[in-house]
Each structure stands twice: as structure tokens, then as C-alpha cells.
Amino acid sequence: MLEVLEPATEAVLREIPRADEDDVDAAVERARDAFPAWRDLAPGDRARMLRRLATAVEDHHEELAVLEARNAGKPIRDARGEMEMVAQVFHYYAGAPERLLGDTIPVSGGQAWTVREPLGVVGLIVPWNFPLTIAAWKLGPALAAGNTVVLKPAELTPLTALRFAELALEAGLPSGVLNVVAGPGSTCGARLVSHSDVAKIAFTGSTEVGRSIAAGAAATIKRVTLELGGKSPNLVFADADLEAAAAAAPGAVFGNAGQDCCARSRILVQASALDEFMSHLEAAVSAVRVGDPLDEANEMGPLISAAQRASVASYVDGEGGGAPVAFRGSAPSGSGFWFAPTVLCPVDPGARAAREEIFGPVAAVIPFDDEEEAIRLANDTIYGLSGSIWSGDGGRALRVARALDAGVLSINSNTSVRVATPFGGFKQSGYGRELGPHALDAYSEVKSIFYATS
Ligand code: NAD
């Protein structure tokens, strides 16, 4: 059995059967059997089915939000927002089946055109930080393009995926189109990667596991998209609205207790503005309310597990490359995997805390002198997922945005994810794009057809 814990209490929330490789094989077979009928469904009918999935999530919004909040330890307000996004994703991709357009291409001797074909059975492997949300980013375009899927949630957070699969069946999704296997990555995930009947793996998780998935997928030339780790910069220039930048910074790095691939965990501040920025930041950090995920007043919950807390602590308790703690917020004591929001300053760009993805509520503040140094420091990382630029000079903000090696940037804001815009990384943050119109490319093949007319 798989014991699913509640991170805020450390108590067992539920016990569920632990899937193994045979369960994966059976799920792939069901998905393969369901594929021809799902692929051949009229586009308008597939669109209607996706709308029904969106409605099912809306109808069970609070139930799903509470389940996610308890299992992932995230504040209920965040969980509600995430469930709204899940519904939005299905609404958005309900528009896709009837708009998967091709090209007509001028050639001699006939007509040439392109169509988009689904891939077949797609394996979706997702992490524990935004369990159903990240699954939906993959499910929406995969199903819209006519694929059937096997979804493997993280062992720590399988509950909303399992519940969603039940709701999807009740909503009328044909049996076998969506299959969930809740089991370990080393067995179930690895089996999906090696399975010869799986055409593609869409993976979100750590860069380390992503690397092994890309290597494993090579054996069958499986298509792969990878959304991996990050160490994103939040660049604050002296000409920015420093109060606004400091007020927004905690949400950008302590949101989801810092367990966010887009966390702006390196705050790069122009040295001439450092003191003023830090005094605003200290006030903002001490105001962050950390506690019971189900209390509506709270903005941050616990970490996901004891192991995660030990790993995060290693960056603060003397091993952070010597980075001094500038100030910390508060956190409950007692049971639960709690960790107070922590700001390190000044952090040497070569320090561990400045280079590694901590995946917890720890921000490294790094001073810089000018625009050239800001860009150099921001790009001095193996990652390239997201980032923010705070400046009152629009020309500078746009120049810097073009110079940063990252897939998702925001100016005078810390937003990373919108359903309608593409999301994904440069460098070792992965490849492929989710969300927006671009995601559909990753779930379909372009076919070129020529019809001889003479
Ligand atoms: P993880 O890589 O340990 O696990 C992710 C998923 O992969 C889980 O379902 C796990 O069971 C599975 N898995 C583990 N080993 C496997 C294997 N050998 N073969 C196949 N599947 C395997 O990541 P995590 O700890 O769950 O999540 C945290 C990581 O995810 C962080 O690095 C974070 O940055 C990243 N992340 C990235 C994004 C993004 O969009 N770029 C979003 C969220 C999280």
C-alpha cells in the first residue's frame, strides 16, 4: 500500500494501492485500445468532452481544493486558485480540436497540404508541488489533439489525480482515454518511459530525473518534453518602484513554500538601492502568514516532507556557502514539516545557495552594480525557466528581457503562468512548451500529403 501523508500534521491522510509495472502495462493497453475511437471522434465532440471535464472540475471545485491543500500542504486560497486554473485549461483546450489547422503548400503537379495527427498513447509524469494543475497542463492539449493518456502522479500527492479520473468518467470521458497509475517513479515512471507502446513522455520534475528520462526515451525514439528545475532571478534596478518590488518578492519565492520551479530564489538588487530594498523586504517577509493550510488567512504552508525540510535546512544551517541570514519570518512549531521564510544576504554568486535549486522558502539576495553585471549574474546558471525585471525604465526592462536566457519573463510583476501563453525553459530547465497554443505542437505530428492532379 501507499501511505499518503498530510504534511501539516504528518498524519496518514489515506492509504491507497501502490501500482507497479504490471499496472502500467495494463493502463497502457487500455489507453491503446481506447485510442482509435478517441482519435476518430468528431472534433466538435472531443471539444464538448473537454468542456465537460472543465465543468466537472468547477462542480467539485471545493472538494478538489481541500484535497489538494491537505495532501500537498498548500494554503487553501492557493489550492482554490489552482483548481480554477485546472478548469480554465480544459476550457481553453476545448477550443483546440476544431482549430488544429494545417497548411496548403504550393507545389507543381498537384496539391500539398499538412494535417496534425495525434501521437497515440502519451505518458504524463508529474511532480508533487502542483499535482493536479501540472497534470491538467498536459492532459488538456494531449486529449484535445486526440491522444489517450496514462498519468503518473508523484507518490506523495496522488489523490487529486485519482479523484479527477473518477470525475472524468462520470462526465462521460470514454473508458481508457485517461488512466492514472499511482506508484513510484523508479518502477511505474521508468516502465512508462521504456514501454514500446508509449509514443511520448511529458515530464515535469527535477533536472536529474529529466536527464534519465531523456536517456531512457532514446531507446524507442520516444518524443519527450521536459519541464525541469529552476533558479530564477528577480532583478531589481535602483530606478524601480522599490516598495512594490519588495512587497511582491516574498510571494515570488515563498509561494508554495518555495517549492515552485519558477521561484524567484535569486533576488539581484542594484547595490545603490540595496539598503532601501532590504528594509521594505524585511517588513514584507515578517508579514507572511505561515500555518495551517486550511486556515484562509495563511499564505504559506509546510514543506512536503521531512526529507525536503532536511534538504532545505542544509542551505541555511551553516552549509549555505557562508551566506549570512539577513532575517527570517515565522513558522509554527510542533508536528508538520514547517520551515520559516528565510532571506540570505549578501550571497556570493558562487555560493551553493546562489547556484542550486533549494526548492524551499529561502531567498538569496545578490547585489550588482550595473545592467551589464545584472545580466551576466542572472544568466550565470545551468537553469533558464523564468524571471522578473523591476525597473522604471521601459527601454532597460525590454533590453534586459531580451538578454536573459529564460523561457518566461515578467516586467514589474512576478507572473509566470498564464493558460493562454507558453511556459517552459531554456538550458537545463528543459525543452518543449506547455500551455498556450504552442503546447499542441508537442502532442501531435505534422503529416504532409500530396495529391497528384496531373
Ligand atoms: P522528481 O523528478 O523527483 O519526480 C517527478 C516525477 O517523476 C514523480 O512523479 C516521480 O515519481 C517521477 N520519477 C522519479 N524517478 C523516475 C524515473 N526514474 N523514471 C520516471 N519517472 C520518475 O521531482 P519532484 O521532487 O517530484 O518535483 C520537484 C522538481 O520538479 C523540482 O526540481 C522542480 O523544479 C521541478 N518542477 C518543474 C516544473 C516546471 O514546469 N519546469 C514545475 C514543477 C516542478
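Counting starts at 1 for both ligands and their atoms, in listed order. Basis for what follows: all heavy atoms, side chains included, without hydrogens, waters or symmetry-related copies.
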Atom 8 (C) of ligand 1: the protein heavy-atom neighbour that sits closest, reported with distance to 0.1 Å: Val126 O, 3.3 Å

Test of proximity, Glu357 against ligand 1: N or O pairs below 3.5 Å: yes

Atom 15 (N) of ligand 1 - nearest protein heavy atom and its distance: Val209 CG1, 3.6 Å

Which of the ligand 1 atoms, numbered from 1, are nearer than 4.0 Å to a heavy atom of Ile134: 42 (C), 43 (C)

For Leu385, the ligand 1 atoms whose distance to one of its heavy atoms is below 4.0 Å: 41 (N)

Selection from Leu226, Thr204, Asp260, Val408 by shortest heavy-atom distance to atom 5 (C) of ligand 1: Thr204

Nearest-neighbour protein heavy atom for atom 41 (N) of ligand 1, which is reported as residue plus atom name and distance: Leu228 O, 2.7 Å

Heavy-atom nearest option to atom 31 (C) of ligand 1, drawn from Phe423, Phe359, Phe130, Tyr383: Phe359

Step-by-step salt bridge (Lys or Arg N to Asp or Glu O under 4.0 Å) determination, Arg399 to Glu371: CA-CA 10 Å; Arg399 258 192 327 268; Glu371 188 177 314; 2.8 Å; yes

The single option from Phe339, Trp128, Tyr315 passing ring-ring contact (aromatic ring centres under 6.0 Å, His included) against Phe359: Trp128

Protein contact to atom 20 (C) of ligand 1 [nearest heavy atom, distance to 0.1 Å]: Gly189 C, 3.3 Å

Numbering as shown, the atoms of ligand 1 that approach Ala190 to under 4.0 Å (heavy-atom distance): 19 (N), 20 (C)

Sub-4.0 Å atoms of ligand 1 with respect to non-hydrogen atoms of Asn129: 43 (C), 44 (C)

Pro97: side chain to side chain contact (heavy atoms under 4.5 Å, CB included) partners, not counting sequence neighbours: Pro43, Arg46, Ala47, Leu50, Ala144

